[in-house]
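Beneath this line is the structure, given in structure tokens, with notes to follow.
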Number of protein chains: 2
Amino acid sequence: MATEPGSRERPRRSRPNINDVARHAGVSRATASRVLGGYGYSSQEVVERVNQAVRELGYEPDRIARTMRSGKSGVIGFVCADISDAFFASAMRGICDVARREKSQVIVMNTDNQLSQEQDATRVLLSHKVDGIVITPVSVREHGHIDAVTEGGVPVVSLDRQLSDSGIHSVVADNEAATTAAIDHLIGLGHRRIAFLGSTQPEEPPALRIGRTRASVAGPSRPSLDRVRGYLRALSAAAIPADRDLIALVSLEEPERRLEALAAMLALEHPPTALFTADGTMTKSAFHLLSERGVAIPAEMSLLGFDDLDWTTLVRPRISVVVQSSYDMGRAAAEELFAQMGRPAGEGGNGQGRRTVVPTRFLERESVGVAR
Amino acid sequence: MATEPGSRERPRRSRPNINDVARHAGVSRATASRVLGGYGYSSQEVVERVNQAVRELGYEPDRIARTMRSGKSGVIGFVCADISDAFFASAMRGICDVARREKSQVIVMNTDNQLSQEQDATRVLLSHKVDGIVITPVSVREHGHIDAVTEGGVPVVSLDRQLSDSGIHSVVADNEAATTAAIDHLIGLGHRRIAFLGSTQPEEPPALRIGRTRASVAGPSRPSLDRVRGYLRALSAAAIPADRDLIALVSLEEPERRLEALAAMLALEHPPTALFTADGTMTKSAFHLLSERGVAIPAEMSLLGFDDLDWTTLVRPRISVVVQSSYDMGRAAAEELFAQMGRPAGEGGNGQGRRTVVPTRFLERESVGVAR
DNA sequence: ATGAAAGCGCTAACAA
DNA sequence: TTGTTAGCGCTTTCAT
């Protein structure tokens, strides 16, 4: 086992610290620190000597010690349901890109949509002294643990979800407007019987109220519900009565019900002529079943989905979709977070702009046609 | 603004620390720490009092301070090309799941396949005092910065890549064997002209040597190259001479060349009867072009790919593929990492098992048929 | 069984 | 312009 000649066999001398640098440069710790931090006064000569020492020793400041002193760790947290989900993975990339620019790093925590895990996650992140958190909360109602974070002076931005009654800034897609536009498009093509197929969280029973002239959805703003709202609004604007049989809200926990719901619609006396699938999994299921049944798209059935996925452009016909860029949403959330971190620390912290709406785009392809 | 009566209006009293707990429990800091750490002696009564204080104050130990003392941060790093890539996102999830069990957190860094960014990433992670790193290195040759990490006593595990001449443990799929098996399958179906379409990193020019009786690939073990090797081995075993015209290795930086390469093969006097696409993007491109050209799969052309993706089961015919579970690979890498972290710190650290091979599976679907 | 005190690496208020 | 020093929150000898 070779060792530098003469060097005492110290097992694994850890990295040089600022004392080593100071000694090497023949100055005091404080001076070295000043040079490195670029504050206070120091003579040109000393600056050079210190920098040289840094280079020669390969010194890298210890961010843990720095965090200890300053309270700022240079780390932010991202809390989401599941990082392997494409939506979150892209959002994560957006967050990372902004973080890199700000010389910060990102810790990810998965919650699997469990409130308890989310609570643990915030606690752990706090104990790591993160400078801020981007979170896609499990619940838009139970956010005491999130409020606790902001109250501790650590900014939080909510991604893809809007927290009711809280000063927390949220970054969302214009789900309602985009859906309205999409449905308008179908209506413009002569469709009158347009089905809505979406998902719901188990925690939010779809409180759908369909009256003679008006239909509405109770509950907080959530992507899934806002899309239903957009759908109802478009119908209402076109004076098309909403039909309960054409609206399916399937719990995410019972994926097998997706196919059933669609099959039921196809079996109706007056089946729909167009399908609006409000999320990627639903679009996939619908396309699947339609193909299986040999239903011609768009001749017999138009299909329009929310979320662009790889495959929508590989199948025939290619699926028309409303796209939201989760990458952009992640970026926007991180931008807002760093902006808040810059501000006078919590004081009136999260300004007025409680909401950033990231635009969606409509990608017209070949799965939508005129009504039969 | 309500405040506890009598409590001085301190602006934002940060979280309680162990001093507060000790005082609250009427013991010394040391005693509180002992109780919390569960070591040394302490009377039953004191234990109770301390625990009570912890509960009442909502005390949570500061992991930064702990890290400072102990050198262990409870954080590991994951360095990959791009977390929004499905492969890495799944691997990340695997890593997170193991980390959670070990009460650790994960910091992610993207390199975009830039060596310089990878070097920065390792440096930054080290300065955060991570306990270990899982990395998918950009280069399998230039790994000085990675060696430096292990030499500093911080274990590293390489994911999906094998570092030449280094004691670093790697977790890989059985790329070569799986490809051989896949090609064998095609040969068994009567195919003789089997094309190989794969990608290469710009840094590793495809040093393909095709002799009269033997063909080989120079260079280190890398998924892309190992798949070529598997292909050549299968052909060789079946005494089918390798044909340079049927092997396309396209640089990842020139994606437009993928279609060209395939088009060229289709235009050959004796075009292939089967296509083996060695990665997801290639499979996608191939399917795309084949559809465009109206080439019937598998009647006119069999298609067999590496990597299972969502869409491969949505298109018709569904694509037969060799699957590797990046989630499992992530898990395996993290398991190995924590195992190393447990061992006597670097001392003979990375044992003998330099390599973990995660099995692949062959999913037979409908895109492969007998040779014409 | 408990407490006093040192020290991890760094920054910054203060003194010189 | 530079150095001295206190202290961030925690763990862990060492004394008692």
Side-chain angles (χ1 to χ4, degrees), chain A residues 10 12-51 53-54 57-75 126-131 152-153, chain B residues 10 12-51 53-54 57-75 126-131 152-153:
Chain A
R10 253 184 292 181
R12 218 173 255 292
R13 172 62 175 116
S14 66
R15 313 162 353 132
N17 63 22
I18 202 169
N19 285 311
D20 300 322
V21 172
R23 199 175 323 121
H24 200 83
V27 297
S28 75
R29 220 170 48 233
T31 303
S33 189
R34 238 171 288 142
V35 171
L36 288 162
Y39 66 96
Y41 305 85
S42 25
S43 69
Q44 193 51 43
E45 193 220 331
V46 164
V47 172
E48 309 253 303
R49 283 220 310 275
V50 170
N51 286 329
V54 166
L57 267 43
Y59 169 75
E60 189 78 22
D62 180 329
R63 304 176 76 130
I64 293 297
R66 226 174 226 188
T67 303
M68 184 91 151
R69 260 303 303 205
S70 66
K72 305 274 112 203
S73 62
V75 177
L126 243 32
S127 82
H128 275 293
K129 289 256 172 327
V130 292
D131 301 331
Chain B
R10 253 182 293 180
R12 216 174 256 295
R13 172 61 175 116
S14 66
R15 312 162 355 135
N17 63 23
I18 202 168
N19 285 310
D20 299 321
V21 172
R23 199 175 323 121
H24 199 85
V27 296
S28 74
R29 224 174 41 237
T31 303
S33 187
R34 239 173 285 141
V35 171
L36 288 162
Y39 66 98
Y41 305 85
S42 24
S43 69
Q44 193 52 41
E45 193 220 331
V46 162
V47 171
E48 309 253 304
R49 284 220 310 274
V50 170
N51 285 330
V54 166
L57 268 42
Y59 169 76
E60 189 79 22
D62 180 330
R63 306 176 74 128
I64 294 296
R66 227 175 227 187
T67 303
M68 183 92 151
R69 262 297 309 206
S70 66
K72 304 275 112 202
S73 62
V75 176
L126 243 31
S127 82
H128 276 292
K129 289 252 173 326
V130 293
D131 301 332

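FYI, side chains are in, hydrogens and waters are out, and symmetry mates aren't considered; it's all heavy atoms of this structure. Naming convention: chains lettered A, B, ... in sequence-line order (proteins, then strands); numbering from 1 in each chain.
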Open item on the list: Measuring from the side chain of B/Met68 (C-beta onward, heavy atoms only), which nucleotide among D/dC10, C/dG9, C/dT2 has the closest atom?
Closed with: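 Shortest atom-to-atom distance from the side chain points to C/dG9.
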Rounded to whole angstroms, how far apart are [atom1] on [X] and [atom2] on [N]?
X        : N      : atom1 : atom2 : result
B/Arg63  : D/dT11 : CZ    : C1'   : 16 Å
B/Arg34  : D/dT11 : CZ    : P     : 12 Å
A/Arg69  : D/dC10 : CZ    : C1'   : 16 Å
B/Ile64  : D/dT11 : CD1   : P     : 13 Å
B/Arg29  : C/dA6  : CZ    : C1'   : 10 Å
B/Lys129 : D/dC10 : NZ    : C1'   : 16 Å
A/Asn17  : C/dT11 : CG    : C1'   : 14 Å
A/Ile18  : C/dA12 : CD1   : P     : 11 Å

Find the distance between [atom1] ([X]) and [atom2] ([Y]) and round it off to the nearest 0.5 Å.
X        : Y        : atom1 : atom2 : result
B/Arg49  : B/Asn51  : CZ    : CG    : 11.5 Å
B/Ser127 : A/Arg15  : OG    : CZ    : 6.0 Å
A/Ile64  : B/His128 : CD1   : NE2   : 7.5 Å

Task: Earlier contact from the 5' end, DNA chain D, for B/Arg66 and A/Ser28 - done: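 Taking each residue's closest nucleotide, the earlier one in sequence belongs to A/Ser28.
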Open item on the list: Can you tell me if B/Tyr39 touches the phosphate of C/dA1, counting only side-chain N or O atoms and a distance under 4.0 Å to OP1 or OP2?
Closed with: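 No, outside the criterion.
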Open item on the list: Would you say A/Thr31 places a side-chain N or O within less than 4.0 Å of OP1 or OP2 belonging to D/dG3?
Closed with: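 Answer yes for this pair, as a side-chain N or O of A/Thr31 is under 4.0 Å from OP1 or OP2.
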Open item on the list: Test side chain to side chain contact (heavy atoms under 4.5 Å, CB included) on A/Val21 and A/His24; report intermediate values, then the result.
Closed with: CA-CA 5 Å; A/Val21 172; A/His24 200 83; 5.6 Å; no
- [ ] Classify the nucleic acid contact of B/Ser43 as base, sugar-phosphate or nothing, counting any heavy atom under 4.0 Å across all strands shown.
- [x]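 Sugar-phosphate: the residue B/Ser43, judged by heavy atoms under 4.0 Å, touches backbone atoms but no base.
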